[in-house]
Amino acid sequence: MTVYSLYIFDRHCTCVYYQDWHRSKRPRPASSGGILPGVSNAISGLSDAQNAGQRSSITPGGGVVVAVGNGELDWPDTTTSMSALPFDEEVKLVYGIILSLKQMVKKMAVKDDTLVNYRTSTYKLHLYETMTGYKFVILSDPNAESLRFALRQLYTGPFLDYVVRNPLIAMDSKEQGIDNEHFRAATDRFIRGLSMYN
Amino acid sequence: MAIFALWVINKAGGLVYQRNFTDGLAPLSSNDALVLAGTLHGIHAITAKLSPTGSSSGCQVIESETFKLHILLTATGTKFVLLTSPAELQAQADSVLRRVYEAYADGVMKNPFQTPEMPIRSEGFDARVGAIVKPA
């Protein structure tokens, strides 16, 4: 059992955050302008140096190391096989599936209803949507139980603490992803702490 | 546990058979049902491309808060979709779909009056599907 990747979409249908763990098929880098800067260090169209200048977190100059190094977490391992899809295309497909399935479920259900998850032979996609229109999407092992509660905890925990309550992050900016080392580190800790992660 | 409906989608994404068993879903006009079947066909193809590891099948189960869709894709590209309550067991739904596929192979594919890929109008198939779903 494992967790593959996490996507966060804002209410404008754009991907504002991405992180992955056990993916053997990594997305190819996005074409420049395809995704917002800061969504993930690994697949941004911008170079890392350009990214570093726009960080919306104040990293302490020495002492306690809170930030997680880019190389450790986010750079794709070039030895693993690359997925055929560039990252910006992949994100559009993920959002497209969620949107179509949500509409489909809405049309078929008697009362208010929404997509919870779907499963294929190699992965399971879980969705949690907040009242503010943020969509938390996680791809996990197909045998995993519902991860909705975990996505909700991710929202009420790290997301509220490091993103919503962070005055340096422009929510709804349409220009910048969630580029915050504290959030990245907290999300990573949280996912690695899940009982089904190993 | 309840089975709400059964759809058969041909390899081009057209809805060729639709039958409702229990109430529990919103009533769909035949036009809406056709559109939804086409959407599902497209989504099924995209989900297979999104696999984070290795090559994947398309979506097999889709869950919402009030119902579940179980999808069986046959080797010839025909999709059997079973709409059930969320409590329906995976194994049970799979076995129903398998038996419906059998009934399809016998009652529809071997029927000389059936045009391939066209809507299924066969009393024999109707009766067999009814018998498969009822005791479940």
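Note on naming: letters A, B, ... go to the chains in the order of the sequence lines (proteins, then strands), and numbering restarts at 1 for each one.
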Quiz item: Closest heavy-atom contact between A:Leu151 and A:His126?
Solution: CD1-O, 3.8 Å
Quiz prompt | Segment of A:Lys102 engaging chain B (4.5 angstrom heavy-atom cut-off) | solution = neither
Practice problem: Sort out for me which of B:Ile62, B:Thr47, B:Ile71 touches chain A most, counting heavy-atom pairs under 4.5 Å. | Solution: B:Thr47
Exercise. May I ask whether B:Leu50 and B:Val61 are part of the same hydrophobic cluster, defined by side-chain heavy atoms of I, L, V, M, F, W, Y residues being less than 4.5 angstrom apart, directly or through others?
Key: no
Quiz item: Who among A:Asp113, A:Leu125, A:Leu139 has the most heavy-atom pairs with chain B under 4.5 Å?
Solution: A:Asp113
Quiz item: Between B:Ser57, B:Ala5, B:Pro52, which has the largest tally of heavy atom pairs under 4.5 Å with chain A?
Solution: B:Pro52
Quiz item: Got a sec: does the CD of B:Glu117 have more than 12 other heavy atoms crowding it under 6.0 Å?
Solution: yes
Quiz item: Do A:Val105 and A:Val116 share a hydrophobic cluster, counting only Ile, Leu, Val, Met, Phe, Trp and Tyr and linking them when any side-chain heavy atoms are less than 4.5 Å apart?
Solution: no
Quiz item: Side chain, backbone, both or neither: which part of A:Leu115 has a heavy atom under 4.5 Å from chain B?
Solution: both
Self-check item: Under 4.5 Å from a heavy atom of chain B, the part of A:Leu101 involved
Solution: both
Practice problem: May I ask you to say whether A:Lys124 pairs ionically with A:Asp141, meaning some side-chain N is under 4.0 Å from a carboxylate O? | Solution: no
Quiz item: For the candidates B:Asp23, B:Thr66, B:Asp32, which exhibits the highest count of non-hydrogen atom pairs separated by less than 4.5 Å from chain A?
Solution: B:Thr66
Self-check item: Given B:Tyr104, B:Phe125, B:Trp7, B:Phe80, the one that forms ring-ring contact (aromatic ring centres under 6.0 Å, His included) with B:Tyr17
Solution: B:Phe125
Quiz prompt | Salt bridge flag under 4.0 Å for residues A:Glu90 and A:Arg28 | solution = no
Quiz item: Using non-hydrogen atoms only, which part of B:Leu25 is less than 4.5 Å away from chain A: side chain, backbone, both, or neither?
Solution: both
Exercise. Go through A:Ser146, A:Ala109, A:Pro142 and name the one with the most non-hydrogen pairs under 4.5 angstrom from chain B.
Key: A:Ala109
Exercise. Identify which part of A:Thr114 has an atom lying under 4.5 Å from any heavy atom of chain B, answering side chain, backbone, both or neither.
Key: both
